[in-house]
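Reminder, nothing fancy here: chain letters follow the sequence lines and each chain counts from 1. No hydrogens, no waters, no symmetry mates; every other heavy atom, side chains included, goes into these values.
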Amino acid sequence: MPSLPLHDWNLAPIDAIALQKRLAGRVERKDRLDPVHRIAGVDIGFEQDGEITRAAVVVLAWPPAGEGAFEVVEQAVHREPTRMPYVPGLLSFREVPAALAAFEKLSARPQLVMVDGQGIAHPRRLGVASHLGLWLDLPTLGVAKKRLCGRHGEPGPARGDWAPLVDDRVGGRGDGRETIGAVLRSREGVKPVFVSSGHRLSLATALEWVVACLGRTKLPEPTRLADRLASRRDQKRR
DNA sequence: GCGACAG
DNA sequence: ATCTTGTCGC
């Protein structure tokens, strides 16, 4: 397994749109930070008809021992009463508080965080992955199972094939379109996932990491395992 | 008014 | 997100 670079540049999602254009063609890597040893996956589940919010974080060691053989280094769960209803576009306010509490239970911070949801592929360019990244001050990326906004074509049939997710610029003025994410075929014969930069990493880098963390399932390991822990599918199915 | 709408 | 059995396919 090759060691992939984590940072293309340091930027916050709010600045991403302006910087993307300015840095196009001359991406600097001087801001690369720590090497990646720990990758975290985050997801939120609900219990008791949504009354209880259940946040789960699973930390995996990088690189994996073998093909898709990731070692679970640590994991944490935090439960609390649900405060906010689900409102498309405002998911952060419902999930981020619980996710942060779960992170506080970890003994060590990961170098990269994969979140179940959108990064900057959001109407205001601030999806859960971006929002969480800002609060954690860690590089994050979003992997969503469905589209929130933007348009796209059908990605190729092979694993790794992807199509750009484009949307009109925030504010709706100027020359219009911008790439906010990618529709990635993470597995053959399955509906694609929506990958986007969350915080402090580019779309290209986000795609590299997602593909690098794919097992033989649709979702990358960090997110897949966090998903299981959040919805208790691990103990439920037994 | 009519769709679209992460988890 | 969540409620849920069997079933088709690699």
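- Contact between the side-chain N/O atoms of Arg147(A) and the OP1/OP2 oxygens of dC5(B) is found at a separation under 4.0 Å.
- The nearest whole Å value for the distance from the CZ atom in Arg233(A) to the P atom in dC3(C) is 10 Å.
- Partner of Pro164(A) under the side chain to side chain contact (heavy atoms under 4.5 Å, CB included) criterion, chosen from Val183(A), Leu203(A), Thr179(A): Thr179(A).
- Rounded to whole Å, atom C1' of dC5(B) lies 11 Å from atom CD of Gln118(A).
- Heavy-atom distances to DNA chain C give each of Ala230(A) and Arg187(A) a nearest nucleotide, and the one nearer the 5′ end belongs to Ala230(A).
- Whole-Å rounding puts the Lys145(A) NZ to dA1(C) C1' distance at 9 Å.
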### Query
In dot-bracket notation, what is the pairing pattern of DNA chain C, taking Watson-Crick (N1-N3 plus N6-O4 or O6-N4) and G-U wobble (N1-O2 and O6-N3) contacts under 3.5 Å, with [ ] crossing and | for other strands?
..........
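- Taken from CZ in Arg124(A) to SG in Cys149(A), the straight-line distance is 10.5 Å, to the nearest 0.5 Å.
- Atom P of nucleotide dC3(C) and atom CZ of Phe46(A) are separated by 12 Å, given to the nearest angstrom.
- Taking the 5.5 Å centre cut-off and the 30° plane limit, the aromatic side chain of Tyr86(A) is classed as stacked on dG7(B).
- Every residue meeting the salt bridge (Lys or Arg N to Asp or Glu O under 4.0 Å) condition with Arg83(A), not counting sequence neighbours, appears here in chain and number order: Glu80(A).
- At a threshold of 4.0 angstrom between heavy atoms, the contacts of Glu95(A) are confined to the sugar-phosphate backbone, with no base atom among them.
- Counting only distance, with no hydrogens or angles, the side chain of Gln111(A) and the backbone of His37(A) share a donor-acceptor pair below 3.5 Å.
- Across the protein-nucleic acid pair, Leu90(A) atom CG and dA4(B) atom C1' stand 15 Å apart, rounded to whole Å.
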